[in-house]
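In what follows, a single structure is set out as structure tokens and then discussed.
As the structure is a computational prediction, the values presented were derived from the model and not from experiment. Values below: all heavy atoms of this structure, side chains included; hydrogens, waters and symmetry mates excluded. Residue numbering restarts at 1 for every chain, and letters A, B, ... go by the order of the sequence lines.
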Number of protein chains: 2
Amino acid sequence: MTKDIESTLKSKNINPTAMRLLVLDFLTKQTSAISLNDLEKGMGPSDRITLYRTLKTFEDKGLVHSIEDGTGATKYALCDIGCDGENHHDLHVHFYCNSCKETFCLPNTKIPEIALPAGFEPQEMNLIIKGICELCSH
Amino acid sequence: MTKDIESTLKSKNINPTAMRLLVLDFLTKQTSAISLNDLEKGMGPSDRITLYRTLKTFEDKGLVHSIEDGTGATKYALCDIGCDGENHHDLHVHFYCNSCKETFCLPNTKIPEIALPAGFEPQEMNLIIKGICELCSH
DNA sequence: GAACCGATGCAATGCTATTGCAAAGTACGT
DNA sequence: ACGTACTTTGCAATAGCATTGCATCGGTTC
């Protein structure tokens, strides 16, 4: 369904180049968030920096969001519908599995309201839960 | 109160060397979490690697906990009473100020219970809230 | 004093993120 | 079709943090 991928890019105002189609196609096939390294290994031989910039572009345009899961390597995953460059709606929980080392989005698990001390004004939130994922707990 | 600092180290089974006394003393004077760079700059001329290992030792022994606030540099802050090497009780919220770039522990703001999807078993949680801190919001 | 062990300091390395610059490709107006 | 301008890509290079190996130093023990 290259057509779908292409129109997805266009709807986000991203020029649909061959490289970007490939990257987006790869991203849609993932079941967990991937790092730049994963992407580089998963794709054919391509330039690491180009992949890096492709992810940055996607992030700017609200197509993917980045996740700092504490491993040191930034992970990327497709956004939910409704994200744009200005406003990422990625206020869901991210889960890092200590067993398989994968990072998952839990889009249906929202971060609850937190009562902050007076004077603190929240703008973004980032909740990483580490543990054993569904697949590894069997 | 060098005596207090020394006994704190001993109570955590850490050999109280001159360097460690200095580092711990410095840590107790902080109002926010500090990075290795901050420590290096704040202390007199000392070896970066030694400071790094000192922090690691403190972390192993449950004296400080490390915070990944997404800036790329690991921050360290003193633990609450009750932490040990096996079990860090750092389940409080960490707040990163987008204005002054400081990272604060909010020890009285606990992470609420999160209902995870079936099969996911949580072990650790890490909640970073970014925004404007109390001092900068005035 | 000799052997030993932990702590320290220096050198060196690995990895991720990031930028500069040049080449290749694409779009557009004439 | 041609040239120009803009975008994208690829390569080289750099910066910063984390981490390890090894030698040295200092104190402890026998």
Side-chain angles (χ1 to χ4, degrees), chain A residues 5-6 9-10 12-26 33-61 63-77 85 96 101 103 126 128, chain B residues 5-6 8-10 12-27 33-61 63-77 85 96 101 103 126 128:
Chain A
I5 294 180
E6 191 172 338
L9 284 176
K10 283 179 179 167
K12 296 285 185 180
N13 255 323
I14 304 173
N15 214 339
T17 66
M19 177 102 288
R20 287 169 181 171
L21 290 173
L22 285 173
V23 172
L24 181 51
D25 182 57
F26 185 80
I34 63 168
S35 67
L36 178 57
N37 260 334
D38 299 331
L39 180 61
E40 191 181 10
K41 283 171 193 155
M43 305 267 305
S46 20
D47 181 60
R48 181 187 182 81
I49 285 81
T50 300
L51 295 175
Y52 167 75
R53 276 188 278 220
T54 301
L55 288 175
K56 281 290 180 206
T57 303
F58 284 3
E59 190 184 7
D60 282 348
K61 297 304 177 71
L63 189 55
V64 305
H65 59 274
S66 61
I67 308 158
E68 303 275 348
D69 60 6
T71 60
T74 307
K75 303 282 176 65
Y76 298 86
Y96 175 79
K101 315 296 183 196
T103 299
N126 196 2
I128 302 286
Chain B
I5 294 181
E6 190 172 340
T8 300
L9 285 175
K10 283 179 180 166
K12 296 285 185 180
N13 257 323
I14 304 173
N15 213 339
T17 67
M19 177 103 290
R20 288 169 180 173
L21 290 173
L22 285 174
V23 171
L24 180 52
D25 181 58
F26 185 79
L27 283 171
I34 61 168
S35 67
L36 178 56
N37 260 334
D38 299 332
L39 180 61
E40 192 182 9
K41 283 171 193 155
M43 306 264 309
S46 18
D47 182 59
R48 181 186 182 81
I49 285 80
T50 301
L51 295 175
Y52 167 76
R53 275 188 278 220
T54 302
L55 288 174
K56 281 289 181 205
T57 304
F58 284 3
E59 190 183 8
D60 283 349
K61 296 305 177 70
L63 190 55
V64 304
H65 60 275
S66 59
I67 308 159
E68 303 275 348
D69 59 7
T71 60
T74 307
K75 302 283 176 64
Y76 297 86
Y96 176 78
K101 315 295 183 195
T103 300
N126 196 1
I128 304 284

Check your understanding: Roughly how far, to the nearest 0.5 Å, is the CD atom of B:Glu40 from the CD1 atom of B:Ile34?
Key -> 11.5 Å
Review point. Distance from B:Asp25 atom CG to B:Ile5 atom CD1, nearest 0.5 Å?
Key: 4.0 Å
Hey, what are the protein-to-nucleotides 3-6 of chain D N/O distances that come in under 3.5 Å?
none

Point to revise | Under the side chain to side chain donor-acceptor pair (under 3.5 Å) test, residues paired with A:Asp38 that sit two or more places apart | key: A:Ser35
Review point. So how far is it from A:Ile14 CD1 to A:Leu63 CG, rounded to the nearest 0.5 Å?
Key: 5.0 Å
Review point. Below 4.0 angstrom from OP1 or OP2 of C:dT26, is there any side-chain N or O of A:Asn15?
Key: no
For residues 50-58 of chain A, please give each side-chain donor-acceptor pair under 3.5 Å, one per line with the distance, not counting sequence neighbours.
from    : atom 1 : to      : atom 2 : distance (Å)
A:Thr50 : OG1    : A:Asp47 : OD2    : 3.2
A:Thr54 : OG1    : A:Thr50 : O      : 2.7
A:Thr57 : OG1    : A:Arg53 : O      : 2.8

Study note, to complete from the structure: Going 5' to 3' through nucleotides 9-22 of chain D and flagging B where a protein heavy-atom sits under 4.0 Å of the base, S where only the sugar-phosphate is that close, and - otherwise, we get SBBB----SSBBB-
Practice item. Whole angstrom is fine here: how far is it from CD1 in B:Ile14 over to P in C:dG6? Key: 15 Å
**Study point:** Under 3.5 Å donor-acceptor, B:Asp69 side chain and B:Thr71 backbone
**Key:** yes
Check your understanding: In whole angstroms, how far is the P atom of C:dA7 from the CG atom of B:Leu55?
Key -> 15 Å
Point to revise | Atom pair OG1 (A:Thr17) and CG (A:Leu9), whose distance is rounded to the nearest 0.5 Å | key: 7.5 Å
Point to revise | For atom CG of A:Leu21 and atom C1' of D:dT8, their distance in whole Å | key: 13 Å
Check your understanding: Atom NZ of B:Lys61 and atom CZ of B:Arg20: how far apart are they, to the nearest 0.5 Å?
Key -> 7.5 Å
Check your understanding: Expressed in angstrom and rounded to an integer, what is the separation of A:Glu59 atom CD from C:dT18 atom C1'?
Key -> 14 Å
Practice item. Please lay out, stage by stage, how A:Thr103 and A:Ile128 fare under the test side chain to side chain contact (heavy atoms under 4.5 Å, CB included). Key: CA-CA 9 Å; A:Thr103 299; A:Ile128 302 286; 5.7 Å; no
Check your understanding: If you measure from CG on B:Leu22 to CE on B:Met43, what distance do you get to the nearest 0.5 Å?
Key -> 4.5 Å
Exercise for review: Would you please name every residue forming a side chain to side chain donor-acceptor pair (under 3.5 Å) with A:Asn37, sequence neighbours left out?
Suggested key: A:Arg48
Exercise for review: Give the B/S/- string for nucleotides 24-30 of chain D, one per nucleotide from 5' to 3', where a protein heavy atom under 4.0 Å of the base yields B, of only the sugar-phosphate yields S, and otherwise -.
Suggested key: -------
